[in-house]
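Computed from a prediction, not measured in an experiment: that's the story for all the values here.
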Amino acid sequence: MFPDRVLSGMRPTGRLHLGHYHGALKNWIKLQHEHPCYFFVADWHALTSHYQTPEVIEEYTFDTVIDWIGAGIDPAQATLFVQSRVPQHAELTLLMSFFTPLSWLERVPTYKDQVEKHAQFGRDLTTYGFLGYPLMQAADILIYRANRVPVGEDQVAHIELTRELARRFNHLFGREKGFEDKAEAAIKKLGSKKAKLYNQLRTRFQQEGDEAALETARELLADVQNLSMGDRERLFGYLEGGGKVILPEPQSLLTVTPRLVGTDGGKMSKSLDNTIDLRDTPDAISNKVKKMPTDPARIRRTDPGDPEKCPVWTLHQVYSDEARRQWVVEGCKSAGIGCLECKQPVIDAIVHELAPMRERAAPFEDDPTLVKNILADGCEKARDTAEETMRDVRDAMGLAFS
Ligand code: TRP
Ligand code: SF4
């Protein structure tokens, strides 16, 4: 009914690191060849938590885009933009705030954790804006009518909220005057055979909750040639009992990734200062890995160790093939290899992985206008798409007095 579209965003809160690459960017790079993709820098989201340090937001917005391009996001394939340059995000957030129950936001599972976590760094997040940030995220997605949203596990609850808000929106505002009559008239236009099938499938879904019938009916509508856009949307909406689908529900594309450890053995995270950044030099990479802790039982070179107790081993699981991993396990348990020896192939693999990224990023680091031009194009395209949705939203909400 609406075009296929992928959307995802990232907060500009620092240089991107291996965790971002394996946890998100690798997937984005694959998706950009398979679907139309919109990727944006979520600068307003960053301000919900970093409003006390706005000076870093602008710098990191550029850095984030340079890191994306370095990693292999191709601005000729994907639309790259900055949230705050598409003010329609704010308008939709506001309009949706009128019907978003407070309790839906308060029960977002990460809310209280995040407030506590940021308090440790002196950031007071007991604000209106921070409570509303999952609503803003829903608006980010719905305004592009994106059907696929690649996210990590921590964001799945936000996508679920987005789906609920879309449903609520369509329920409240998708009922134009005379909707049922118009839908019934549209059914007649299908021709008697298809009309009968549509009615049967609709009944099976509404009375028995038969999801397969819903799917079949959607396929039927997708194939029909002689319907206007409006009638098609009505019939999609009528299937589920509601009105027109103005904002379609997105699916999350869960990115399953190996959990990358940081250089201190904990989760790789900027706030823990244990990251290997995508634009680190080979020397920096080497130094960071060499300093990584290993199995604490290996005090001397001659002490045997256990890879399961060693953070370096988790890097071998990402970067080494079967033969190399066997070399590690045997060498570690028999004290046949030393830890520095064991780390070297990991260093080499990371250096090898990141070298082309630094190379691709270099011209953009040297000339910020290259980045500005890419973003100017992307923001314009994003604004056009967002404005299209907003016209329908304003219409449905009684704001189309022109
Ligand atoms: N909240 C996301 C994060 O912290 C970033 C984000 C903002 C996002 N808006 C989005 C991700 C829309 C996907 C879709 O990582
Ligand atoms: Fe870790 Fe390798 Fe040292 Fe074993 S040999 S403790 S796996 S670094």
I'd like to know whether CD of Q200 has more than 12 heavy-atom contacts from other residues, nucleotides or ligands below 6.0 angstrom.
yes
To the nearest 0.5 angstrom, please state how far the CG atom of D303 sits from the CZ atom of R298.
7.5 Å
Closest non-hydrogen contact found for P134 with V108 is CG-CG2, 4.1 Å
Does atom CD of E359 have more than 12 heavy-atom neighbours from other groups under 6.0 Å away?
no
Please determine which of D280, D277, D63, D273 meets the salt bridge (charged side-chain N to carboxylate O under 4.0 Å, His left out) test together with R15.
D63
Taking all non-hydrogen atoms of both residues into account, name the closest pair between A195 and L190 and its distance.
N-CB, 4.0 Å
Just so I know, are the side chains of D113 and K117 near enough to count as touching, which here means a heavy-atom distance under 4.5 Å?
no
Using atom types as modelled and distance alone, determine if a side-chain donor or acceptor of D43 lies under 3.5 Å from a backbone N or O of S84.
yes
Atom CG of D140 and atom OH of Y38: how far apart are they, to the nearest 0.5 Å?
14.0 Å
Salt bridge E380-R383, side-chain N to carboxylate O under 4.0 Å:
no
Just say parallel, tilted or perpendicular for the rings of Y144 and H89, cut-offs at 30° and 60°.
tilted
Is there a salt bridge (Lys or Arg N to Asp or Glu O under 4.0 Å) between R358 and E365 once you walk through the steps?
CA-CA 10 Å; R358 290 187 44 206; E365 287 174 323; over 6 Å; no
Donor-acceptor pairs are to be reported for all side-chain atoms of residues 64-77 against protein atoms at under 3.5 Å, with residues two or more places apart or in another chain.
unit_1, atom_1, unit_2, atom_2, d
T64, OG1, Y60, O, 2.6
D67, OD1, R279, NE, 2.7
D67, OD1, R279, NH2, 3.4
D67, OD2, L16, N, 3.0
D74, OD1, A76, N, 2.8
Q77, NE2, H33, ND1, 3.3

Quick check: does any side chain N or O of S97 sit under 3.5 Å from a backbone N or O of L94, one acting as donor and the other as acceptor?
yes
Where the side chain of D4 meets the backbone of P36, is there a donor-acceptor pair that is under 3.5 Å apart?
no
I want to check something: taking the side chain as every heavy atom from C-beta on, are T93 and W44 in contact at a cut-off of under 4.5 Å?
no
Quick check for you: to the nearest 0.5 Å, what is the distance between L95 atom CG and M397 atom CE?
4.5 Å
For the pair Y198 (side chain) and L235 (backbone), establish whether a donor and an acceptor sit closer than 3.5 Å, ignoring hydrogens and angles.
yes
N147 side chain vs R5 backbone, donor-acceptor pair below 3.5 Å
yes
Between T275 and M268, is any pair of side-chain heavy atoms under 4.5 Å apart?
yes
Donor-acceptor pair, R325 side chain versus S320 backbone, under 3.5 Å?
yes
Is it true that a side-chain atom of S8 and a backbone atom of V149 form a donor plus acceptor pair closer than 3.5 Å?
no
Using only atom types and a distance under 3.5 Å, with no angle test, would you say the side chain of D264 pairs donor to acceptor with the backbone of P293?
no
What's the spacing between L7 CG and L31 CG if we round to 0.5 Å?
11.5 Å
Relative to each other, are the rings of H50 and H118 parallel, tilted or perpendicular (30° and 60° limits)?
perpendicular
Identified ring pair (Phe, Tyr, Trp, His ring centres under 6.0 Å) partner of W28 from the options Y21, F39, F40
F39
For residues E353 and Y319, is any side-chain donor paired with an opposing acceptor at under 3.5 Å?
yes
Mark yes when over 12 heavy atoms from residues, nucleotides or ligands other than E180 sit less than 6.0 Å from its CD; otherwise mark no.
no
Which is it for R394 and E387 under the salt bridge (Lys or Arg N to Asp or Glu O under 4.0 Å) test, yes or no, and what are the steps along the way?
CA-CA 10 Å; R394 289 185 207 114; E387 182 56 21; 3.0 Å; yes
Output side-chain donor-acceptor pairs under 3.5 Å for residues 219-228, partner residues at least two apart or in another chain, one line each.
unit_1, atom_1, unit_2, atom_2, d
Q225, NE2, D223, O, 3.2
N226, ND2, K189, O, 3.3
S228, OG, D231, N, 3.1

To the closest 0.5 Å, what do you measure between CZ (F130) and OH (Y111)?
7.0 Å
Tell me the closest heavy-atom pair linking A400 and D395, and the distance in Å.
CB-OD1, 2.9 Å
Single hit among E184, Q206, K244, E233 for side chain to side chain donor-acceptor pair (under 3.5 Å) with Y238
E184
For E388 and R145, run salt bridge (Lys or Arg N to Asp or Glu O under 4.0 Å): C-alpha distance rounded to whole Å, both residues' side-chain angles, the deciding distance at 0.1 Å, then the answer.
CA-CA 10 Å; E388 230 174 84; R145 294 174 160 147; 5.2 Å; no
Any donor-acceptor N or O pair under 3.5 Å, side chains T263, K288
no
Under 3.5 Å, which donor-acceptor pairs do the side chains of residues 159-173 form with other protein atoms, sequence neighbours left out?
unit_1, atom_1, unit_2, atom_2, d
T162, OG1, H158, O, 2.7
R163, NH1, P250, O, 2.8
R163, NH2, E249, OE1, 3.3
E164, OE1, R107, NH2, 3.0
R167, NE, E249, OE1, 3.4
R167, NE, E249, OE2, 3.0
R167, NH2, E249, OE1, 3.2
R168, NE, F99, O, 2.7
R168, NH2, F99, O, 3.4
N170, OD1, I246, N, 2.9
N170, OD1, L247, N, 3.0
N170, ND2, A166, O, 3.1
N170, ND2, L247, O, 2.8

Taking all non-hydrogen atoms of both residues, which atom of M292 and which atom of P311 are closest, and how far apart?
CE-CB, 3.9 Å
Check R324 against P345 and note the closest heavy-atom contact, atom names and distance.
NE-CB, 3.7 Å
Take I347 and K290 through the test side-chain contact (heavy atoms from CB on, under 4.5 Å) and record every step on the way to the result.
CA-CA 8 Å; I347 296 171; K290 282 181 180 159; 4.0 Å; yes
Find the distance between CD1 (I285) and OG1 (T281) and round it off to the nearest 0.5 Å.
6.5 Å
Is a side-chain donor or acceptor of T389 paired with a backbone partner of I143 at a separation under 3.5 angstrom?
yes
Provide the closest heavy-atom pair for L239 versus F205 in the form atom of the first, atom of the second, distance.
O-CD2, 3.7 Å
Without swapping roles, check the side chain of R301 against the backbone of C339 for a donor-acceptor pair under 3.5 Å.
no
Take a 6.0 Å sphere around CZ of F98 and say whether it holds more than 12 heavy atoms from other residues, nucleotides or ligands.
yes
